[in-house]
Asks: 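This is the structure, below, for whatever I ask next.
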Amino acid sequence: MNFNPFMVQTSCQTPLGIVTLAASPNGLAGVWFEGQRHLPPELLEQAWPQQATHPILQESTRQLHAYFKGSLHHFDLPLDLSAGTVFAQSVWRALQAIDYGSTSHYGDISQTIGRPTAVRAVGGAIGRNPLSIVLPCHRVLGSTGMLTGYAGGLERKMALLQLEGARPKHT
């Protein structure tokens, strides 16, 4: 991934642990759980300055808190998806169409983006989604409705689905 060089970050506490938020001048570019897979090296190296007063980061924090309280079902934030490839961006945009409380499958996403045979590539792009929760990759299940991988951990994926009232099959 190739993030904008002018990123800033902040962290906030959620019921599922600490989340780091990152924004570029163009919008929210990252939402990562502490310790999740595929963290950007810049985040691990603390290369992005802390800026809790950044307007996008403040609004993102507010909306995340409302989401966890159950009063927000759709995030309304400017997003910067430019760190991903054109293919990854198409997958991430498709995630936005999965309604709160609903689930989808990797094959459905590959059909939606017009790449029906790219199910594995879709799974890879979903696994590297830099905007956990905001781009709801937790709503994507295996073809049989079973819980499958989640960079933030399957426990968090299940907790997010339960918060939204979705009922996946257990692994």
Side-chain angles (χ1 to χ4, degrees), residues 1 3 7-40 43 48 50-84 88-106 108-109 112 122-123 125-142 145 147-170:
M1 301 244 275
F3 288 96
M7 298 280 281
V8 294
Q9 67 173 324
T10 193
S11 296
C12 72
Q13 182 67 44
T14 75
L16 299 179
I18 295 172
V19 172
T20 299
L21 306 161
S24 76
N26 302 316
L28 184 67
V31 178
W32 297 279
F33 285 106
E34 188 174 69
Q36 86 171 48
R37 290 186 313 234
H38 311 301
L39 292 173
L43 189 66
W48 300 328
Q50 293 283 331
Q51 195 175 46
T53 60
H54 188 282
I56 291 172
L57 296 178
Q58 286 183 320
E59 180 59 17
S60 300
T61 298
R62 187 194 71 72
Q63 288 189 31
L64 273 173
H65 288 303
Y67 168 81
F68 279 108
K69 287 180 184 174
S71 61
L72 181 86
H73 295 179
H74 178 77
F75 291 91
D76 185 18
L77 298 162
L79 302 180
D80 180 353
L81 305 179
S82 65
Q89 289 178 41
S90 69
V91 171
W92 299 338
R93 280 190 206 94
L95 295 174
Q96 291 179 294
I98 308 170
D99 291 331
Y100 182 94
S102 298
T103 59
S104 188
H105 305 282
Y106 296 96
D108 296 337
I109 302 295
T112 297
V122 164
I126 289 172
R128 285 179 169 66
N129 168 21
L131 289 156
S132 294
I133 305 171
V134 174
L135 295 179
C137 55
H138 61 276
R139 296 178 188 156
V140 181
L141 306 175
L147 282 183
T148 55
Y150 184 65
L154 285 181
E155 302 81 22
R156 285 184 178 131
K157 182 173 186 165
M158 182 56 129
L160 292 168
L161 291 170
Q162 286 176 341
L163 172 72
E164 297 179 4
R167 304 275 185 246
K169 295 177 185 175
H170 294 290

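Just so you know, these numbers use all the heavy atoms, side chains as well, and skip hydrogens, waters and symmetry mates. This one's a predicted model, so the numbers in the text were calculated from it and none came from an experiment.
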Asks: For Val8, does its backbone N or O pair with a side-chain atom of Gln51 as donor and acceptor, under 3.5 Å?
Replies: no

Asks: Distance from Ile56 atom CD1 to Leu77 atom CG, nearest 0.5 Å?
Replies: 8.0 Å

Asks: To the nearest 0.5 Å, tell me how far Ser24 OG sits from His54 NE2.
Replies: 7.5 Å

Asks: For the residue pair Ile133 and Leu16, establish whether any side-chain heavy-atom pair is separated by less than 4.5 Å.
Replies: no

Asks: Classify the ring geometry of Trp32 against Phe3: parallel below 30°, tilted from 30° to 60°, perpendicular beyond 60°.
Replies: perpendicular

Asks: What's the spacing between Thr148 OG1 and Leu141 CG if we round to 0.5 Å?
Replies: 6.5 Å

Asks: Quick one: does Trp92's side chain have a donor or acceptor within less than 3.5 Å of a partner on Ala125's backbone?
Replies: yes

Asks: Side chains of Thr20 and Val31: does their closest heavy-atom pair fall under 4.5 Å?
Replies: no

Asks: Are the side chain of Gln36 and the backbone of Ala151 linked by a donor-acceptor contact shorter than 3.5 Å?
Replies: no

Asks: Within this structure, what is the CD-CG distance for the pair Glu59 and Leu21, rounded to the nearest 0.5 Å?
Replies: 11.5 Å

Asks: Could you go through the side chain to side chain contact (heavy atoms under 4.5 Å, CB included) check for Leu160 and Phe68 one step at a time?
Replies: CA-CA 9 Å; Leu160 292 168; Phe68 279 108; 3.9 Å; yes

Asks: So, taking the atom named CD1 in Ile109 and the one named CZ in Arg139, what distance separates them when rounded to the nearest 0.5 Å?
Replies: 11.0 Å

Asks: Do Phe75 and Pro136 have side chains that get closer than 4.5 Å, going by heavy atoms?
Replies: no

Asks: Do Asp108 and Ile98 have side-chain heavy atoms sitting under 4.5 Å apart?
Replies: no

